[in-house]
Amino acid sequence: MSDHPQQLHLALEAVREPSLTEYLSGPNAEAVAAVSALAVGEGEPFLFLFGVAGTGKTHLLQAACLAAAQQGQQAHFVPLGTPELEPVLLDDLERLDLVAVDDVQAIAGDAAWEDALFDLFNRMRERGRRLLAAASAAPDALPLELPDLRSRLQWGPRYCLHPLTEADCEQLLVESAQRRGMQLNRDQVRYIMNYHARDPASLLDLVERLDGLSLREQRQPTIPLIRQALRE
Amino acid sequence: MGVWEQCVRQLKGELTSAEFNTWILPLQARADGSRLRLFAPNRFVLDWTQKHYEKRLVELCTLFSAGNLVQIAFEVGGLEHRTGGSSAQDRANSQPAVPDLGERRASANLNADFTFETFVEGKSNQLARAVSMQIGQSPGTAYNPLFIYGGVGLGKTHLMHAIGNVILATNPNARVVYLHSERFVAEMIKALQHNRIDEFKKIYRSVNALLIDDVQFFAGKDRSQEEFFHTFNALFESRQQIILSSDRFPKEVVGLEERLKSRFGWGLTVAVEPPDLETSVAILHCKATQLGVELSDDVAFFVGRRIRSNIRELEGALRRLVANAQFTGKPITLEFARYALRDMLAAQDKQVSIENIQKTVAEYFKLRTTELLSAKRSRSLARPRQIAMALAKELTKHSLPEIGSAFGGRDHTTVLHATRKIKSLRESDAGIEEDYKNLLRRLTS
């Protein structure tokens, strides 16, 4: 390591915010198109996304909120899996243009939460607002106690998000590095794919760390630099 | 860039995207003298934001305003008044002089798309539809209250909106309010909190038609039931129309006061049943037309056969199909439908296994699963067993030998005989038909 003081990079440059264009759609192109349309108020007013962990549900929900906000609309991302939250969090959210509720499976079986979500759904629909919901499984397979909530969640189009293939993950690595001005060659990509978790979120985290490291060290990515980023 | 926009930009860099999107994104701001007023959509968001971010927000505001904004005032609410986002009380206080039908509809919480024209009639809902039309044309005169009951997603809400829309269209002076029972409770609590309960009472007791959806949600809420009881009496005595819906027959709603249950049964109680296949197909055609697409019969029958639980799910599947067709630019053929809905149907298939069918059928007929699989051939066991086999044939992809084997090692010809027998019994015996439909619904909802 150099003896010179490390150059600090501006926090803002490294901000990675979820965006719809950053999401590599791969097998999920139709779902991404539907979410993009909903985000700007042009598509269906209600969508339900489901799929295993690491398929980018949270990313899409947050990206939709940010896309709506960019249009001057009010949006709210509600991560239902956060333990400290209470059902009153859903009160009056029909004031907003778009609400994105993540991890619906986390509240399945909790009567107060199910009632609150059911009520929110009705209010959003009555006011013509947009609702985007995501869970680990389709509404039919969630252990919900309230059949009324289940049937509401079945109302709009449902999309199963599929994990990216290995080739898709490699493409994701190359493209996200390119967006940060880094060129990854084939060997470097193979190295990362062999030594790092291959879900999109972990790969994007790594690119972010690599970018920070590359800026601090003033070096283009090399395998030793990648190894260092992996250790961080 | 304004001070708030700069704060937002800075916080986007400092917080995780989940924190930012949950707690900062829904806020709105307005500068007011030396303070920044921050509006949160509700009390919970306000308390959370204040607790976790107030200190940093004050620092950033002071920094970006060069010391002009040094205080933050947190408030619940929003910057602008949004159309349709207000309570019934707010709306009642701000009625325009001569509201047109659209405004009156919005003020009544009615959806213009839910009309009798878009309600597809079948055997399952014929009576409910006929009675609803009659009430729409002459409210308050006969069948008061009207109590519509049935499972989720079968069209109760659609009928209520349709009645409300007819009343509004035929009588320019009629005051109609549709709301879900949960909203009635929430608005009442708000009115109590803000000392506006008299106003609340006045509004709901002076309408010409009150439509309350899903009254089973009143269960256990004693204060709301008390208030609703008086509202009911006031409207009933002044011969104004009351329309209620529930997922079950009035007497069977658990947690509801007896006096309310008895009043709910004073007028006419009608059921809406799950649609038969033909009605499902007609509903699909009707909804497809509304979406501007044409659906062939084979596709409609395919979707109708596979999605049996309720009409909302049927509509969800259709919307998915249409979205896929628009996305790919392909025509909606049977092959296309099979492919486009594969994820949805796979998720559904996972739920229905032969074991699940055996367990559900045994529970339904109050038998033990072992009895269902035993060699005994008494009528009380054979009929449920045949029904279970027929359901396994209809709902799973297992072959007849596989089904036979799962039923205590029976031959595939036994399964074939069972499915044929149940098919003919369903046509001739209303009891069997009802049992079969109930089980089908339990297994697919």
Side-chain angles (χ1 to χ4, degrees), chain A residues 11-12 14-18 29-30 33-34 43-44 48 50 58 61-62 65-66 69 74-79 82 84-86 88-96 100 102 115 118-119 122-123 125-129 137-141 147-148 150-152 154-160 162, chain B residues 9-10 12-14 17-18 20-22 25-28 41-45 48 76-78 82-85 109 111 151-153 178-180 182-183 186 213-214 217 247 307 309-313 315-317 319-324 327-328 340 342-344 346-348 350-351 444-445:
Chain A
L12 280 178
V15 171
R16 194 183 88 224
E17 73 178 47
E30 192 197 342
E44 289 282 347
F48 189 94
F50 64 100
T58 303
L61 261 56
Q62 291 189 16
C65 288
L66 288 167
Q74 272 198 286
H76 188 15
F77 172 71
V78 183
T82 311
E84 305 95 320
L85 303 184
E86 290 171 25
V88 286
L89 169 62
L90 305 186
D91 282 1
D92 296 318
L93 293 189
E94 70 277 12
R95 290 173 195 275
L96 310 177
D102 200 9
D115 269 6
F118 167 66
D119 193 25
N122 292 332
R123 285 178 279 130
R125 196 175 155 89
E126 274 171 27
R127 303 279 190 269
R129 308 292 191 234
D140 337 15
D148 310 74
R150 189 192 304 282
S151 85
R152 258 99 188 149
Q154 290 171 331
W155 209 336
R158 279 173 272 163
Y159 290 94
C160 176
H162 298 277
Chain B
R9 211 180 124 177
Q10 181 64 28
K12 208 184 250 186
E14 294 179 5
S17 58
F20 177 82
N21 287 310
T22 308
L25 205 59
L27 302 178
Q28 286 184 298
N42 59 39
R43 171 61 55 184
F44 193 89
V45 174
W48 185 288
V76 171
R82 292 170 163 274
T83 334
N109 292 328
N111 184 330
V152 294
Y178 162 89
L179 81 168
H180 194 268
E182 293 253 22
R183 290 322 296 157
D213 215 347
D214 285 330
F217 284 92
D247 64 346
I307 311 272
S309 62
N310 65 63
I311 299 165
R312 283 199 191 98
E313 193 177 13
E315 187 175 345
R319 285 177 175 270
R320 172 70 207 270
L321 206 54
V322 172
N324 197 322
F327 180 72
T328 56
R342 69 195 184 285
D343 292 334
M344 267 179 82
Q348 192 185 47
K350 261 187 233 155
Q351 286 305 96
T444 54
S445 63

Run the salt bridge (Lys or Arg N to Asp or Glu O under 4.0 Å) check on A:E30 and B:R320 step by step: do they pass?
CA-CA 10 Å; A:E30 192 197 342; B:R320 172 70 207 270; 3.2 Å; yes

Just do the salt bridge (Lys or Arg N to Asp or Glu O under 4.0 Å) check on B:E313 and A:R158 with the steps written out, would you? CA-CA 10 Å; B:E313 193 177 13; A:R158 279 173 272 163; 3.1 Å; yes

Query raised in the report: Checking side-chain hydrogen bond (donor to acceptor under 3.5 Å, both in side chains) for the pair B:N310/A:Q154: CA distance, chi angles, key distance, verdict?
Result: CA-CA 9 Å; B:N310 65 63; A:Q154 290 171 331; 3.1 Å; yes

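Between the A:R95 side chain and the B:P41 main chain, a donor and an acceptor come within less than 3.5 Å of each other.
Taking CG of A:N122 as the start and CZ of B:F217 as the end, the distance is 8.0 Å to the nearest 0.5 Å. Expressed to the nearest 0.5 Å, how far CD of B:E182 lies from CZ of A:F118 amounts to 6.5 Å. Note: A:R123 CZ to B:L179 CG = 12.0 Å, rounded to the nearest 0.5 Å. One distance of note links CG of A:L96 with CD of B:Q28; it measures 8.0 Å at 0.5 Å rounding.
Neither the backbone nor the side chain of A:L61 has a heavy atom closer than 4.5 Å to any heavy atom of chain B. When heavy atoms are compared at a cutoff of 4.5 Å, A:A29 approaches chain B by way of both its backbone and its side chain. Interface residue A:A69: only side-chain heavy atoms are found under 4.5 Å from chain B. At a 4.5 Å heavy-atom cutoff, B:D213 makes no contact with chain A through either its backbone or its side chain. Both the backbone and the side chain of A:D115 have a heavy atom closer than 4.5 Å to some heavy atom of chain B. A:R125 touches chain B through its side chain: at least one heavy atom from C-beta onward sits under 4.5 Å away, while N, CA, C and O do not. Heavy atoms closer than 4.5 Å to chain A are found in the backbone of B:L27, but not in its side chain.
Note on A:P79, A:C65, A:A75: by heavy-atom pairs under 4.5 Å with chain B, the leading option is A:A75. Note on B:V152, B:N42, B:N21, B:V322: by heavy-atom pairs under 4.5 Å with chain A, the leading option is B:N21.
Looking at residues two or more places apart in sequence or on another chain, you find a salt bridge (charged side-chain N to carboxylate O under 4.0 Å, His left out) between B:R183 and A:D119. Under the salt bridge (charged side-chain N to carboxylate O under 4.0 Å, His left out) criterion, B:E315 pairs with B:K287, B:R319, sequence neighbours left out.
The shortest heavy-atom contact between A:H76 and B:T22 is CE1-O, 2.7 Å. Across all non-hydrogen atoms, the minimal contact from A:A33 to B:F327 is CB-CE1, 3.4 Å. Closest non-hydrogen pair, B:S17 versus A:Q62, comes out as OG-OE1, 2.7 Å. For the pair B:G153 and A:S151, the tightest heavy-atom approach, listed with the atom from each and the gap, is N-OG, 4.2 Å.
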